[in-house]
Amino acid sequence: MSNTGPESEYEPLFQNANHIVVFTGAGISAESGVPTFRSPDGIWAKFKPEELANINAFMSNPERVWEWYQHRRDIVEKAEPNSGHYAIVELERIFDRVDIITQNVDGLHIRAGSTHVYELHGSLHAHRCLNCSTPYTLSLKEQGVPHCPSCGGLIRPGVVWFGEDLPSAIWQQAEEATRSCDIFLSVGTSTVVYPAAQLPFLALSLGKHVVEVNPEPTDLSRQANIALRGPAGEMLPKLVEELRRTRK
Ligand code: BJW
Ligand code: ZN
């Protein structure tokens, strides 16, 4: 079943649900001015992931990779959460348990005020030593790639690059939330990067109700119980409004 807007059709799905998981990707932050990865004007249209988002790229040209992340930090620091992020915060007034599993590294769910946020791919604001993994706090004055005060190793961005494992405790929490939820809401993700993309399919295999919000169809769309076609900043506030009206 697919849908073009939040109609009463989905009400029964949400009526008795207590626990909702919201799984997000770059699309939720698009309306905050943060570029997505795989859109025609997205990050991977301008840069090659193999040159920037893996450990070999960093090892062979740390300054270039660092500069690219600095540029992205600048964009994110100027950005504000949008109505989609705030609608997700509002879900906490409607459901007993709300878990946000995000692939995003921009920190906008946390800035919007969501309580339980699992950052599967790390954060643009976290850094650690490549050599000894000691966390590192970036200072504003710093130019170029910093070195670790403990061992002199290069400091790397605290994000998950291709070929790297996801942080295991966060992954386990995300999996547990997916296994125990009633509704799995997938928002603004192309659902192509694994293992994160396993989660909506795990939810489907366990018989959870899966709802997708995305202006474009994805690999998930045909299997989702409901696919809401439109931007998150419009569809999520409408969904929340409808839930407030119907779930008293
Ligand atoms: C809107 C909207 C609006 C627009 N409202 N919606 C073959 C070879 C090699 C590796 C692999 C392979 N097959 C599988 C792998 C593994 C690989 C993988 O999945 N690759 C596939 C791409 C093929 N995965 C990994 O490597 C992962 N690790 C791993 O598997 O470890 C085990 C292993 C060990 C050793 C060797 C191999 C494996 C790690 C994945 C890490 C992903 N990292 C990135 C970069 C993070 C750091 C950074 O930001 O720089 O994470 S890649 C990038 O993609 C980023 C995102 O989190 C991730 C997902 O993208 P997302 O969020 O879905 O964005 P888009 O742009 O794709 O989609 C946006 C969507 O929004 C679109 O659908 C729009 O329509 C929609 N949208 N506006 C709502 N307003
Ligand atoms: Zn170190």
Side-chain angles (χ1 to χ4, degrees), residues 22-58 65-66 68-73 75-76 82-85 87-88 101-107 119-136 146-168 171 185-200 212-221 227-237 239:
V22 189
F23 175 61
T24 66
I28 181 86
S29 298
E31 291 154 88
S32 295
V34 181
T36 64
F37 291 91
R38 294 171 185 81
S39 306
D41 57 348
I43 289 177
W44 297 153
K46 298 189 193 93
F47 304 98
K48 288 188 181 155
E50 60 271 24
E51 285 176 19
L52 291 165
N54 70 74
I55 189 66
N56 296 334
F58 186 67
V65 173
W66 188 264
W68 184 61
Y69 278 95
Q70 185 58 55
H71 167 68
R72 290 184 48 210
R73 271 195 299 278
I75 293 175
V76 160
N82 65 57
S83 50
H85 296 103
I88 292 171
I101 304 174
T102 188
Q103 298 165 85
N104 297 346
V105 294
D106 56 30
E119 294 178 313
L120 293 179
H121 292 162
S123 167
L124 283 175
H125 306 290
H127 299 88
R128 67 175 187 275
C129 174
L130 187 63
N131 202 27
C132 71
S133 300
T134 303
Y136 183 84
H147 289 261
C148 174
S150 312
C151 78
L154 287 172
I155 298 298
R156 60 160 285 174
V159 299
V160 180
W161 283 325
F162 285 112
E164 295 184 331
D165 286 330
L166 275 55
S168 65
W171 175 253
L185 178 60
S186 177
V187 183
T189 173
S190 55
T191 332
V192 295
V193 175
Y194 283 81
Q198 276 171 19
L199 295 174
E212 180 183 60
V213 176
N214 198 312
E216 304 294 333
T218 71
D219 288 353
L220 178 66
S221 306
L228 300 174
R229 290 270 156 266
E234 286 175 29
M235 303 310 272
L236 291 176
L239 177 65

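Atoms within a ligand are numbered from 1 in the order they appear, just like the ligands themselves.
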Could you check whether any heavy atom of G163 sits closer than 4.0 Å to an atom of ligand 1, since that is the contact criterion I want to use?
yes
Select the closest option to atom 68 (O) of ligand 1 among S190, S39, P217, judged by heavy-atom distance.
S190
Pull out every atom of ligand 1 sitting under 4.0 Å from any heavy atom of E31, numbered as shown with elements.
3 (C), 5 (N), 80 (N)
One finds that the ligand 1 atoms under 4.0 Å from a non-hydrogen atom of V159 are 47 (C)
Which of these, Y194, F23, F47, has its nearest heavy atom closest to atom 25 (C) of ligand 1?
Y194
Contact check: V213 vs ligand 1, nitrogen or oxygen atoms, below 3.5 angstrom
no
Of all the non-hydrogen atoms in the protein, which one sits nearest to atom 5 (N) of ligand 1, and at what distance?
A232 N, 2.9 Å
N104 side chain reached by T24 side chain, heavy atoms, under 4.5 Å:
yes
For S83 and G233, indicate whether the former's side chain and the latter's backbone hold a donor-acceptor pair under 3.5 Å.
yes
With a 4.5 Å heavy-atom cut-off, do I88 and I28 have their side chains touching?
yes
Assess M235 for proximity to ligand 1: is some non-hydrogen atom of it under 4.0 Å away?
no
E164 side chain vs W161 backbone, donor-acceptor pair below 3.5 Å
yes
Residue E216 vicinity, atoms of ligand 1 by number, heavy atom under 4.0 Å:
75 (O)
Numbering the atoms of ligand 1 from 1, which are under 4.0 Å from a heavy atom of P231?
3 (C), 5 (N), 80 (N)
With atoms numbered from 1 as shown, which atoms in ligand 1 lie under 4.0 angstrom from a non-hydrogen atom of G25?
62 (O)
Do ligand 1 and N214 have nitrogen or oxygen atoms that lie under 3.5 Å from each other?
yes
Is the shortest heavy-atom distance from the side chain of E119 to the side chain of P167 under 4.5 Å?
no
Strictly less than 4.0 Å: does any protein heavy-atom distance to atom 10 (C) of ligand 1 fall in that range?
no
Is the shortest side-chain heavy-atom distance between C132 and C148 below 4.5 Å?
yes
Any N or O of W161 that comes nearer than 3.5 Å to an N or O of ligand 1?
no
Could you report the tightest heavy-atom contact between F58 and L130, atom names first, then the distance?
CE2-CD2, 3.9 Å
Please could you name the atoms of ligand 1 that R72 approaches to less than 4.0 Å, counting only its heavy atoms?
48 (C), 49 (O), 50 (O)
Any non-hydrogen protein atom less than 4.0 Å away from atom 40 (C) of ligand 1
yes
Short check: is a protein heavy atom less than 4.0 Å from atom 55 (C) of ligand 1?
yes
Can you list the atoms of ligand 1 that are under 4.0 Å from a heavy atom of D165?
31 (O), 32 (C)
Is the closest protein non-hydrogen atom to atom 36 (C) of ligand 1 under 4.0 Å?
yes
Does the protein put a heavy atom less than 4.0 Å from atom 79 (C) of ligand 1?
yes
Opening angle at the Zn ion (ligand 2) [SG, C132; SG, C148; to 10 degrees]
110°
So L236 and V22, do their side chains get closer than 4.5 Å, heavy atoms only?
no
Residue part near ligand 1, for A53, under 4.0 Å between non-hydrogen atoms:
neither
Is the side chain of R128 donor-acceptor paired with the backbone N or O of I155 at a distance under 3.5 Å, no angle test?
no
Relative to the heavy atoms of V105, which atoms of ligand 1 are at a distance of less than 4.0 Å?
49 (O)
Backbone, side chain, both or neither: what part of H121 comes under 4.0 angstrom of ligand 1, heavy atoms only?
side chain
Side-chain contact test, heavy atoms from C-beta onward, threshold under 4.5 Å: evaluate it for P200 versus T189 and give yes or no.
no
Using heavy-atom distances only, which candidate in T189, V192, V187 approaches atom 63 (O) of ligand 1 most closely?
T189
contact_flag P215 ligand 1 heavy-atom lt 4.0 Å
yes
Does the protein put a heavy atom less than 4.0 Å from atom 13 (N) of ligand 1?
no
G230 N/O to ligand 1 N/O under 3.5 Å
no
Would a search of protein heavy atoms around atom 76 (C) of ligand 1 find one under 4.0 Å away?
yes
Contact check: N104 vs ligand 1, nitrogen or oxygen atoms, below 3.5 angstrom
no
Below 3.5 Å, N or O to N or O, backbone or side chain included: is there any such pair between R38 and ligand 1?
yes
